[in-house]
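Letters A, B, ... are given to chains in the order of the sequence lines, protein chains preceding strands, and every chain is numbered from 1.
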Protein chains: 2
Amino acid sequence: MAGDMAFELPAKCDRCVVRHKAICGALSENELKDLNRIARQRRIPTGQVIAADSDIVFANILDGVVKLTKTLSDGRQQIVGLQFPPDFLGRIYAKESPYFAEAATDVELCAFPKDGFERMLRQYPDLEHRLFENTLDELDSAREWMLLLGRKTARERVASLLLMIARRAPDVGCTHTPEIRFSRFSLPLTRADLADYLGLTLETVSRQITNLKKEGVIELVDNREIIVPDVDILEDVAGN
Amino acid sequence: MAGDMAFELPAKCDRCVVRHKAICGALSENELKDLNRIARQRRIPTGQVIAADSDIVFANILDGVVKLTKTLSDGRQQIVGLQFPPDFLGRIYAKESPYFAEAATDVELCAFPKDGFERMLRQYPDLEHRLFENTLDELDSAREWMLLLGRKTARERVASLLLMIARRAPDVGCTHTPEIRFSRFSLPLTRADLADYLGLTLETVSRQITNLKKEGVIELVDNREIIVPDVDILEDVAGN
DNA sequence: TCGCGCATTTGATACAAGTCAATGATTACA
DNA sequence: TGTAATCATTGACTTGTATCAAATGCGCGA
């Protein structure tokens, strides 16, 4: 144990599934060692809250899906962001998190303490730059979703979401190349979560899914496992 | 003319209305001179497109309101962002603008050429940091708006928008301190724009405004000029 | 001052999605 | 192996907002 330093590192970057795709890709070997020193792996079960209010967590998502939610005082809820590996999680430079972060599935994180991480941001401009580019992309996605929430029909919303998940979720042994326009994936969300993300009720989501199934746009292996025989058709249904 | 260098500067920062509040606040005197050298003031009339697709503009907004819009192929439109002075305008680090930027009112910009500005970003990390913080705030607002678009009623949406404009729009000689909860402002948008921002039709917006008027939550001086006798009440109506 | 064009309001009706309620399917656990 | 718990589907009905269609108000230029 004492002889093998690697085992004592809290997270082993060289074997990390996400090493080059996450924000860590912005760092040199030595800088990475620095970051590694303050990193700690955490496992979060489905449904558990990861960050709320002043309890902010910074982390890379190694596995699973995290939903960011906002809620009105009477309980109406909206998912305002979905994060997959290798996304970075956490609202930096803020005292309070403007949303709740909750595990939509079992989640594995590579987490960093707030102070240490913000110190590193100041120290390594490349790291901050990387995070900045991430944030710009997130803003683009949020605005894309505003178009969906403001203007798309229930049918188009459901199709758009399936499309988004087909593109972003880790592939479940699917063929999904530019030519063969076929996709198979498993939904990381319940119908209620889908509804909260789409600004609909769970019944409407269910009805739209059965409609798409009847029309052959999608096939259901089971409630969570979905096959898209022709992604082009799904794209048509999604609108844009 | 030749003797007075100040007149030859394209934008005169020392007299700039926005000098300390805009991203320029992140720069020292000398750095500011650098930025000033590439800046050019531009006046844009209502309705004109400022940025679309690969034609990206970077600028500080000095006066007026800019709307960022996205449109579906069949013409359905959604405003995905509203920008007031001293906001920074432009999607940096991208080849294509993911939305249209259009002047909602007559607009005055302090514009920077793309290449020169991105060079300065790399040169002055403080400038990039400032822009990063802006972007994080914009992301928070976008997500706030997702909650509105996904879950609020027409009535709540209209109230929320009035509230937002009361807070952000440059005050039109209004009392608006924490104690005296009274506000007067002029809407920088047509009913159609309001509708596009709220994910509603212009008729619905109009009806909701007349309802709020009948109930005394707001008063209309004319179609564009609005008085809020008690902001607390408007906040109640807005939901949250 | 007239009349044109545009923005806004108002009304009647249609429809998409919400609500309420029951049933079915799947998993988990005792 | 049954039984509860969770998740999803389906149905009947309601409702908020959209749609379609006038009507009104208002600014602006001739």
Task: Electrostatic pair R91(A):D140(B) at N-O distance under 4.0 angstrom - done: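 Counted as a salt bridge, because a side-chain N and a carboxylate O are separated by less than 4.0 Å.
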Task: Close side-chain approach of I218(B) and I227(B), heavy atoms under 4.5 Å - done: no
TODO: Indicate whether OP1 or OP2 belonging to dA18(D) is found under 4.0 Å from a side-chain N or O atom of T201(B).
DONE: yes
Open item on the list: Can you tell me if T210(B) touches the phosphate of dT10(C), counting only side-chain N or O atoms and a distance under 4.0 Å to OP1 or OP2?
Closed with: yes
How many Å lie between [atom1] on [X] and [atom2] on [N], as a whole number?
X: L187(A); N: dT26(C); atom1: CG; atom2: P; result: 16 Å
X: K213(B); N: dT8(C); atom1: NZ; atom2: P; result: 13 Å
X: E156(A); N: dA17(C); atom1: CD; atom2: C1'; result: 14 Å
X: E203(B); N: dT24(D); atom1: CD; atom2: C1'; result: 15 Å
X: D196(A); N: dG18(C); atom1: CG; atom2: C1'; result: 14 Å
X: K152(B); N: dT17(D); atom1: NZ; atom2: P; result: 13 Å
X: D222(B); N: dG27(D); atom1: CG; atom2: P; result: 8 Å
X: L194(B); N: dT17(D); atom1: CG; atom2: P; result: 16 Å

Open item on the list: Please classify the nucleic acid contact of L200(A) as base, sugar-phosphate, or nothing, using heavy-atom distances under 4.0 Å.
Closed with: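 Sugar-phosphate contact only - L200(A) comes under 4.0 Å of backbone atoms but never of a base.
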- [ ] May I ask you to say what G199(A) touches in the nucleic acid, namely base, sugar-phosphate or nothing, with a heavy-atom cut-off under 4.0 Å?
- [x] sugar-phosphate
Task: Side chain R207(B) and base dG16(D) donor-acceptor under 3.5 Å - done: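 A donor-acceptor contact between them is absent.
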Return the polar atom pairs (N/O with N/O) between nucleotides 5-8 of chain D and the protein under 3.5 Å, or none.
| from | atom 1 | to | atom 2 | distance (Å) |
| --- | --- | --- | --- | --- |
| dA8(D) | OP2 | R191(A) | N | 2.9 |
| dA8(D) | O3' | N223(A) | OD1 | 3.3 |

[X] side chain to [Y] main-chain N or O, any donor-acceptor pair under 3.5 Å?
X: R155(B); Y: Q208(B); answer: no
X: R151(A); Y: R76(B); answer: no
X: Q78(A); Y: Y197(A); answer: yes
X: T135(B); Y: L131(B); answer: yes

Open item on the list: Below 30° counts as parallel, above 60° as perpendicular, anything between as tilted: where do the rings of F117(A) and F58(A) land?
Closed with: tilted
Let me check something: any side-chain donor-acceptor pairs from residues 231-240 of chain B under 3.5 Å, sequence neighbours excluded? List them with distances.
| from | atom 1 | to | atom 2 | distance (Å) |
| --- | --- | --- | --- | --- |
| D232(B) | OD1 | R181(B) | NH1 | 2.7 |
| E235(B) | OE2 | R167(B) | NH2 | 2.7 |
| N240(B) | OD1 | K152(B) | NZ | 2.8 |

TODO: Show the numbers, then the answer: is there a side chain to side chain contact (heavy atoms under 4.5 Å, CB included) between F84(B) and I61(B)?
DONE: CA-CA 7 Å; F84(B) 297 87; I61(B) 300 176; over 6 Å; no
Task: Divergence of helical axes at both termini of the helix from dT1(C)-dA30(D) to dA30(C)-dT1(D) - five pairs an end, 10° steps - done: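 Roughly 30°, once rounded to the nearest ten degrees.
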